[in-house]
Structures are given as structure tokens and as C-alpha cells.
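Below: one structure, written as C-alpha cells.
Order of the sequence lines fixes the chain letters, A, B, ..., with proteins taken first and strands second; residue numbering starts at 1 for each chain.
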Amino acid sequence: MVWNGKLEKVDDNRWLISRDQFPGMRTDAVIYSNDRLIGNVLNDNSPQQAANVACLPGIVGNSMAMPDIHWGYGFPIGGVAAVDAYQGSISPGGIGFDINCGVRLIKTDLTLEDIDGKVKDLMDELYRNIPSGLGSKGLTKVGQKDLSEILDIGSEWAVENGYGWEKDLEVTEEGGHMKDADQTGVGEKSRKRGLPELGSLGSGNHFLELDVVDDVFDERTAKAYGLKKGCITVTVHCGSRGCGHQIATDYLQKMEHYMKTEKVDLPDRQLACAPLSSRLGEEYYRAMCCGANYAWANRQMITHWTRESFEKVLGDSAESMGMDVVYDVAHNIAKMESHDVEGHREDVLVHRKGATRAFAPGRSEITMKYRDYGQPVLIPGDMSTGTYVLAGRQGAMKETFGSTCHGAGRQMSRKTAIENLNIETVRKKMADQGIYLRAGSDEGVLEEAPDAYKDVSEIIEVVCNAGLTAKVAKLTPIGVVKG
DNA sequence: ATGTGC
């Protein structure tokens, strides 16, 4: 479906859907995009979803969408919406099915020369040690008691149990532990699905990527983040697996029912929400925090196995190879934060669905060693183009509740990609670019083919030109593990 | 995204 409403161009990076266009809009919707990308946006009618979000009870500031916007459940993917922490509503559709889907970057002090002739071994070892694919199960079995701790304290459980280093926690958003977690609202089914899957990558757009730091745009910040031109890095993209998916499913159902009984009038039932002050709203928020904690424990375990894989293939210790975590970001989550709204400080819940926190220098949430440089922001592109490292900027604090984009953004549906793209062509493109690909299925590769995505560089230009973030480094892939 | 389904 194509958007046929009114979209006003504000400037080279911003487009506006005015609140007077649809009844029920409480505020304007702003889409960050440029002349080239906006054509894609109009194709899937996702502007309508950005307009619908402006109807959310208690919304503060604009409904916003990042340049990687595309059609999602209720909210667009790439959507940002803040609601009043006391009067506002929380919506599972504004967070996404994969609660705390996110990206982690691990650096090394190794260069291409150090792994010469061993890239294939390294990728094969990573593929063996980190289960991936649909329905993949973790190699370590954890019990109900462990799961309870994981839902409560996230990454801290992983580090306490030997998966990684204490200092990994400082460079994970929230320290890898959402303090508001309460698992009384996490259903039996979520626990049952989560138990065997812990420590696995999953499928879809989830991946593990071996990269080389190819470009450094900001030497000073790159140095603070531990990144040097020519160094090898590992990027991990995954989430909360069936555990978070089930939490989202359970509460969407409960909230759809709530909307009917309370007669809440919204333009799309997929916008189902509940007041933060209601029992249901609070229960979902606290259960969502548990899903987020699960995802952080998951990425922390994968970090541990990544280090072990390097140790085995290269015969050196992870410490001496300098395998520190650079940062870990969540891009499907809602967070309680305080922001300046029309000149005064306000407590808000910021929904980021396919959007990344991008706090500017100085914010207390940023770990001390990065505070003067801005929060690291990790933006993966498609499997052939690699990952950008950005830093949060003041524009994000002023306009987007400290948020930016999360990736390249699809330009083709999964179905369209499978039907129209050719597996041999995709594999050849990867090989020609010198990228070793280990994937579980041809269908998975087709769904995630480079042509199914927008050009991530173009997305990055928009968020940087708009002043939300600044470029720090570009990582180019040499190996990819796909689910 | 997902034991791809009310």
C-alpha cells in the first residue's frame, strides 16, 4: 500500500505530517529522511503508522521515525515515541516482538595480518560454538533457578557464572540489567521457550560479523572507544529469542482486550496500549524489562564464546588479544528517562522500536570512560556493507529524546526477497567482496540479501546531517555467520 | 523477530 496523505518537506533531512491532518493526532509526526530515501518510505505506507502513533495517549513531543523506517506491527520500525511517565501509555507495538534486540561490538588488537589464513577457521569455530538458526538451542543447559536470575539481573548473571568479564557490564546499556524487572508478569510459556534457547543467535536479521576497522572519521573518539584503523572487530546482533517474543505476544493480547473493555479509541488495534499507571501497563513494563535482561545475558554469553573461539584458533588469550567489549546497545526497548521538554525537565518513557539511544556527551547514563565523547551507537548495514560506529550528539537530546536510527532498514519484504532474488548471485557477491559466509539456510540468506535493504550509508548521512549523531568509524566485513 | 498458523 502506498501513502497518499500530506507529507511536508521541512528541510533536507526532515519531513512533517501535521497534526491537523488526521483526527485523533495529539501531536505532529516527523520523519527523518532525504529526497532519495523518502520514495521508499512512501511505498509501504509507514508514514500512516507514524501518524497513528501521534494518537497515543500521553504522548510527549512529536511522533518520530528514523530514516530506516519501514512497516511494522502498529508502530513503524524506526519509530520513537515518548510518553509522560505518569499520564502516558505503554504499547508493546512500540517496542517490538524481539524485546531488546540489540547490537554488541567487541574489539581486538589484532590486524588482518595476525589472522592471515585463519579467517575460515575462525568463522567455522564461531559457527560451531554459537548456535544459530530458527529454533536454535543453546549449548549450555540452564535451570529454572538460573532463568529466574537471568530475568532479574541480565548480564550480571552471565558474568557471575563465568561468561565474560566484570568490566563488560560498564559498557553495556543499563549495565545489562534493567532494575525495574519483575518476573511475576512473565508467563510460563515465555520461560519454557526461553530456557533451551539461551546462548543462541536465532535467525532472520540476526548475525555475527567479523570486520576490519576500515575508516576512522573521528580519531579522538575512536581512540576512546578502543578502535584503531586496521584492527579486527566482532559485531553481534541478536535479541531475546522466544522468551521476549512470547512476552510481547502475551501482553499484546491482554492489551487488545483492555482497549475493548475500556473503550480506548485508536486508529489501529495494533497500537494496543495501557496506561503506565494501570496494573496491566506496569506489569508489561516490568515483564519487558525481564525480556531485556534475557537478551543482555544472551549477548554476554555469546561474547564469552566469541573470545573462546578466538583463543582456540589463534592460541592466545582473549585478554592479550585486547578483546574488550566496546559497547552494547538495545534498539527494541522502552526506557524511563528524564528529558527537557519545552524548557522544563520531564520524566518520560521513551519507546524505541528499531531506534537506538544516542545520548550526547555529558549524560550520566553514559559510562565514565565515554562520557566526554557521547554514547557509542552501533549501526549494522546489510551483510555486505558492515557496521558504522557513531556517537550521540546534542541534536538528539533536543529533538529525538536522545535517539537515532538502528540499521539499513528493509526495502523489500522477506517474501519479495525470497521470490525475486537469486541465491547464487548473493553468494557470489559476498565471495567477490572477500566475505566468508556461514549460513544455516538459503532462504535465510535470500531474506537478508544486500538488495533487500536500503543503503546504510545513506541512512547514516541523514542522522548525521540532522545532528543526531556523528560518524566515528566504519567496519567492513570479512566474515558473516547467519542464522 | 518467531516452535512463521485464531
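Listed by first and then second residue, the side chain to side chain donor-acceptor pair (under 3.5 Å) pairs that reach into residues 93-104 of chain A are A/Asp98-A/His206, A/Asp98-A/Ser240, A/Asn100-A/Arg299, A/Arg104-A/Gln300, A/Arg104-A/Thr303, A/Arg104-A/Asp328, sequence neighbours excluded.
Taking the six-membered ring for Trp and thresholds of 30 and 60 degrees, A/Tyr163 and A/His304 have ring planes more than 60 degrees apart, a perpendicular arrangement.
Under 4.0 angstrom from either OP1 or OP2 of B/dT2 there lies at least one side-chain N or O belonging to A/Arg241. Residue A/Ser203 places at least one side-chain N or O under 4.0 Å from the OP1 or OP2 atom of B/dT2.
A donor-acceptor distance shorter than 3.5 angstrom exists from the side chain of A/Asp146 to the backbone of A/Gly143, with no hydrogens or angles considered.
Separating the NZ atom of A/Lys192 from the C1' atom of B/dT2 is a distance of 16 Å, rounded to the nearest angstrom. Atom C1' of nucleotide B/dC6 and atom CD of A/Glu256 are separated by 12 Å, given to the nearest angstrom. Between A/Glu448 atom CD and B/dT4 atom P there is a gap of 18 Å when expressed in whole angstrom units. For the pair A/Asp98 CG and B/dT4 C1', the computed distance is 14 Å after rounding to whole Å. Residue A/Asp250 contributes atom CG, which lies 15 Å from atom C1' of B/dC6 at whole-angstrom precision. One can place OH of A/Tyr73 at 17 Å from P of B/dT4, the figure rounded to the nearest angstrom. Atom C1' of nucleotide B/dT4 and atom CD of A/Glu447 are separated by 9 Å, given to the nearest angstrom. Computed from coordinates, the A/Leu252 CG to B/dT2 P distance equals 16 Å when rounded to whole Å.
Place A/Glu443 and A/Gly204 on DNA chain B by their nearest nucleotides, and A/Gly204 ends up nearer the 5' end.
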Just list the side-chain donor-acceptor pairs under 3.5 Å for residues 49-67 of chain A, sequence neighbours left out, or say none.
| from | atom 1 | to | atom 2 | distance (Å) |
| --- | --- | --- | --- | --- |
| A/Gln49 | OE1 | A/Gly72 | N | 3.0 |
| A/Gln49 | NE2 | A/Gly72 | O | 2.7 |
| A/Gln49 | NE2 | A/Gly74 | O | 3.3 |
| A/Asn52 | OD1 | A/Gln48 | NE2 | 3.2 |
| A/Asn52 | ND2 | A/Gln48 | O | 3.4 |
| A/Ser63 | OG | A/Ala50 | O | 2.7 |

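Within 4.0 Å of A/Glu197, counting heavy atoms only, lie sugar-phosphate atoms of the nucleic acid but no base atom. Contact annotation for A/Lys189: base contact, defined as any heavy-atom pair under 4.0 Å involving a base atom.
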